[in-house]
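So that the names make sense, note that chain A is the first sequence line, chain B the second, and so on, each numbered from 1.
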Amino acid sequence: MLPITIREITYNSVETTKTVSHCILIADKGGKHVLLTHPNLFLYKKTQSSLSTSRRYASIVSMFYRFLSTQSKMKGKELGVYHHLVDNRDIMLWQVQRQVDRLEGQSIKPNSETIYEDAKILLGYFHWLNEQGFVTNVQVGLRTWRANFKSKRMLSYIQVKAKVKIDANNIRVLDKKSRQRQSDFLITEGEIKLLLESYVDPVYRCIFNLALGTAMRPMDLVKFPFIGNRANKHILSYSEMDNGHKTTSYTVYESKGNKDRKIVINMEDLKALEEHYITPYYGERKKLYKKKYGHSCPPDILFLNKKGEPVTEKMIASRTNDAKKKSMKVDPTFRPHLSFYQTRHWWPTQHIIATFGERLLTENLEVMYLATAQAIQNQMGHEDIETTYKHYIDMARVIMMVHRGHSLDLIKAPALSVGQFITSLSLPTGIAKPDFSLQEAG
DNA sequence: CAATGTTGTTTTGATCACAC
DNA sequence: GTGTGATCAAAACAACATTG
């Protein structure tokens, strides 16, 4: 198979005279590096607004080109004409091939859904080529075609193609398995405590707490400053900005989809941040940063890891994954699907509980929606929150019922920081060790 | 016309090889 | 063992379209 590498590049576009960033594909042909012209043009034109998108599209086109290179019809053909020779059938074959590979590997992924989604993106590429006047044999009008992997005929076809022995699992079963997850219910206090204990580096513990308290996404958290600028000039370390107010506002810039929004932060959460991260670690880590990068750490970077490297989204995700595995070892009831992003459900749910208390169980949905939708929308940065909102209401109701005896604690929760809130509850399951407290962080 | 589904885009998460 | 970057996968989100 033809090796293709993906590179991210940043340069000044001649067309717009602006700086653009996107991915490009480079093939390795017998030691020579060959740029894939058409895919790269596509990536330049269509994916310069977000690197994440660029990475995703690049990896799909790359996968497809690698698949093509194994097909007999492309034998001896130049890379530059691949797009010209491809037709809809090749895209179908690619989808089938991925399914075959999956069976062969006895793997649960990629599932049919992903295969289908990826094929749609690929069609987007060919659609663009057609639009630009590059000749291809792909008719995008047929873009709703989807391999019916559940039909008997298709299934037996795929099973014959997968040469390795197949056990009783057919695709239908595999598909089901991949969707098997334990309930997506809100992370419990016990799970939070255990997870926080499992992080090796305390910086992640603090980021997690801040996430619970603010519903910020990882991409926003890593940009949280030591000293803010623009609308966030007032953000300083807690002791410098302590003015008796319970909350402060913070503007999140360039969040998902390049949107800004203004959120509320509880001062107690900032206090916890100072106590558990800034005072004990920040100074020392700043020095490491300076040593490493040759210049001092700018005030808009707050979160640094043990080595003085700025924390990124990826690091948060993989550290949390490690912490989760560790937690599952300690307590087998710790649910495997929990991830850092779960913190985002915490805020709206607690907000609803705090606002309505016992009334949650009697009041009708519309009334509650009107009363809290705006606040949740602002904090979470959603345009249309209705569907999600109902989910949160349900979640809040269940929690309310489970915690009936604790309803008073819950109602006074908004006055508490996340740390105080968690420690104020007695744990239903006894998951966490009783003497653990967030005050010990570090 | 609201509920539900589709499509396109943008994000987070998992895994694995590798360095220390 | 821990941490990391590269790569692949999945989920989330938003705008729009369809259905009942």
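- Between Y199(A) and T320(A), the side chains place a donor N or O and an acceptor N or O closer than 3.5 Å (distance only, hydrogens not considered).
- Comparing dA12(C), dC8(C), dT9(B) against the side chain of T53(A) picks out dT9(B) as the nearest.
- Judged by distance alone, the side chain of T214(A) and the main-chain N or O of L210(A) form a donor-acceptor pair under 3.5 Å.
- The interatomic distance linking I60(A) (CD1) with dT7(B) (C1') rounds to 14 Å, in whole Å.
- In this structure, S339(A) reaches the sugar-phosphate backbone alone: every heavy-atom distance under 4.0 Å involves primed, P, OP1 or OP2 atoms, never a base.
- Closest contact between the side chain of A317(A) and the listed nucleotides dC8(C), dG13(B), dT12(B) involves dG13(B).
- Considering only the side chain of V200(A), dT2(C) comes nearest among dT4(C), dT2(C), dT9(B).
- At a cut-off of 3.5 angstrom, counting only N and O atoms as typed in the model, there is a donor on one side and an acceptor on the other between the side-chain of R56(A) and the base of dT10(B).
- Between R344(A) and the phosphate of dT11(B), there is no side-chain N or O to OP1/OP2 separation shorter than 4.0 Å.
- A donor N or O paired with an acceptor N or O is found under 3.5 Å between the base of dG13(B) and the side-chain atoms of K314(A).
- Nucleic acid contact class of T343(A) (heavy atoms, under 4.0 Å, all strands): none.
- Distance F126(A) CZ to dG8(B) P: 15 Å, rounded to the nearest Å.
- Backbone-only contact: K324(A) has heavy atoms under 4.0 Å from sugar-phosphate atoms and none from a base.
- In this model, the phosphate group of dG3(C) is not approached by any side-chain N or O of Y199(A) to a distance below 4.0 Å at OP1 or OP2.
- As a whole-Å value, the separation of K223(A) NZ from dT11(B) P is 9 Å.
- Residue contacts shown for Y57(A) include a base, since a base heavy atom lies under 4.0 Å away.
- A straight line from CZ of R55(A) to P of dA11(C) spans 20 Å, rounded to a whole angstrom.
- Within the structure, ring-ring contact (aromatic ring centres under 6.0 Å, His included) pairs that include any residue of residues 294-318 of chain A comprise Y277(A)-F303(A), Y289(A)-H295(A) (at least two apart or interchain).
- Nucleic acid contact class of N305(A) (heavy atoms, under 4.0 Å, all strands): sugar-phosphate only.
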